[in-house]
Amino acid sequence: MKTYELTGTLRAEYGKKAAKALRKQALVPCNIYGIEANNITFTVAEADVHKLLYSPDTQVVALTLGDQKKMAVVKETQFHPVSGEVLHIDFLEVTEQKPVVVEIPVQLRGLAEGVKAGGKLSLEMRKLRVKGIYTQIPERIVIDVTGLGLGKRMPVSEVKVEGLTMMNVQDACVAQVKVTRASAAAAAE
């Protein structure tokens with residue numbers, strides 16, 4: 001997993017009024033929920049988080065908060081419903097001892113047998129929720145679909161990645177080869 005460097009400033013004022021004033025200064029209010037009982041509130045520059053939030057890759061964040069350094073993942077992001085401005089970010093501190101649940105993008109590889117027969121390959125789940133130690137989580141899950149026949153599907157239960165547990169419903173379809181009119185007509189002849 002890629003590491004993204006981010007520097008934040010601890011904040012002392014809380015509440016709606018203080019958060020609104022920070023957003024006017026192009027700062028995003030943030031929280032980090034840690035392993036210890038105390039949570040830390042801080043701000044980051046809005047320009048600094050764009051590459052983190054709008055990246056297709058899953059990234060671990062190396063946060064620098066004054067003299068503290070913490071490793072974290074993005075837990076939740078709140079956006080303004082009209083303007084799309086980042087309103088708030090929640091981070092979750094990670095360690096090499098405790099597993100974390102994150103979403104990882106799925107990438108299909110290979111030419112499916114069903115596509116050769118006239119079918120259409122369809123990626124049904126763009127991301128999969130996995131649980132594991134953050135150092136073992138890959139940037140993306142690559143699935144080989146060469147053995148997928150016409151009208152066949154690949155459920156989550158068939159996706160195996162070493163060191164990770166799939167958190168999605170096991171019967172959910174990740175990818176499938178759909179039957180097209182042309183392939184159905186060719187099979188009928």
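Since this is a predicted model, take the numbers as computed values, not measurements. Hydrogens, waters and symmetry mates play no part in the numbers below; they use all other heavy atoms, side chains included.
Note that CG of Leu111 is 8.5 Å distant from OG1 of Thr146, once rounded to the nearest 0.5 Å. Atom CD1 of Ile143 and atom CG of Leu123 lie 7.5 Å apart (nearest 0.5 Å). Taken to the nearest 0.5 Å, the SG atom of Cys173 stands 12.5 Å off from the NZ atom of Lys152. A distance of 6.0 Å separates CG in Leu164 from CE in Met166, rounded to the nearest 0.5 Å. Rounded to the nearest 0.5 Å, atoms CD1 (Ile89) and CZ (Phe42) are 8.0 Å apart. Note that CG of Leu63 is 11.0 Å distant from OH of Tyr4, once rounded to the nearest 0.5 Å.
In the hydrophobic clustering of this structure, Leu22 does not group with Val86; members are Ile, Leu, Val, Met, Phe, Trp, Tyr whose side-chain heavy atoms approach within less than 4.5 Å, directly or through other members. Both Val106 and Val115 sit in one connected hydrophobic cluster of ILVMFWY residues. Membership requires side-chain heavy atoms under 4.5 Å apart, directly or through other members. The hydrophobic clustering, which links ILVMFWY residues whose side-chain heavy atoms are closer than 4.5 Å, places Val101 and Ile141 apart. Linking Ile, Leu, Val, Met, Phe, Trp and Tyr whenever their side-chain heavy atoms come within less than 4.5 Å puts Val28 and Phe79 in one cluster. Val161 and Val60 fall within the same hydrophobic cluster, defined by Ile, Leu, Val, Met, Phe, Trp and Tyr side-chain heavy atoms under 4.5 Å apart, directly or through other members.
Closest heavy-atom contact between Ala112 and Val177: CB-CG2, 4.0 Å. Considering every non-hydrogen atom in both Glu113 and Gly147, the closest pair reads OE2-CA, 4.1 Å. Across all their heavy atoms, Glu13 and Ala18 have their closest contact at CB-CB, 3.8 Å. When all heavy atoms are compared, the tightest approach of Cys30 to Val44 is SG-CG2, 3.7 Å. Contact detail for Glu124 and Ser122: the closest heavy-atom pair is OE2-OG, 2.6 Å. Residues Leu148 and Ala175 share a closest heavy-atom pair of CD2-O, 4.1 Å.
Two residues are said to be in side-chain contact when any heavy atoms from C-beta on lie closer than 4.5 Å; Leu128 and Val156 meet this criterion. A heavy-atom distance below 4.5 Å is found between the side chains of Tyr134 and Glu96. Counting heavy atoms from C-beta outward, Pro29 and Thr41 have side chains that stay 4.5 Å or more apart. Side-chain contact between Thr9 and Leu27 is absent, with no heavy atoms from C-beta onward closer than 4.5 Å.
Using a distance-only test at 3.5 Å, with no hydrogens or angles considered, a donor-acceptor pair links the side chain of Arg23 to the main chain of Leu87. Of the possible polar contacts, none joining the Lys69 side chain to the Gly66 backbone as a donor-acceptor pair under 3.5 Å is found. Remark: the backbone N or O of Asp90 is not paired with any side-chain donor or acceptor of Asn31 at under 3.5 angstrom.
Every residue two or more places apart in sequence or in another chain that forms a side-chain contact (heavy atoms from CB on, under 4.5 Å) with Gln97 is listed here: Thr95.
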| said: Run the side chain to side chain contact (heavy atoms under 4.5 Å, CB included) test on Ile40 and Gln68 for me, step by step, so that the C-alpha distance in whole Å, both residues' side-chain angles and the decisive distance to 0.1 Å come before the verdict. | reply: CA-CA 11 Å; Ile40 301 170; Gln68 301 177 30; 3.4 Å; yes
| message | Please evaluate residues Lys75 and Phe91 with respect to the criterion side chain to side chain contact (heavy atoms under 4.5 Å, CB included), reporting the C-alpha separation (whole Å), side-chain torsions for both, the decisive distance (0.1 Å), and the verdict. | response | CA-CA 5 Å; Lys75 182 179 178 184; Phe91 291 94; over 6 Å; no
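In Glu162, the CD atom is not crowded: 12 or fewer heavy atoms of neighbouring residues, nucleotides or ligands sit closer than 6.0 Å. Other residues, nucleotides and ligands contribute more than 12 heavy atoms inside 6.0 Å of the CD atom of Glu103.
Glu5 and Thr3 form no side-chain donor-acceptor contact under 3.5 Å, judged by distance and modelled atom types alone.
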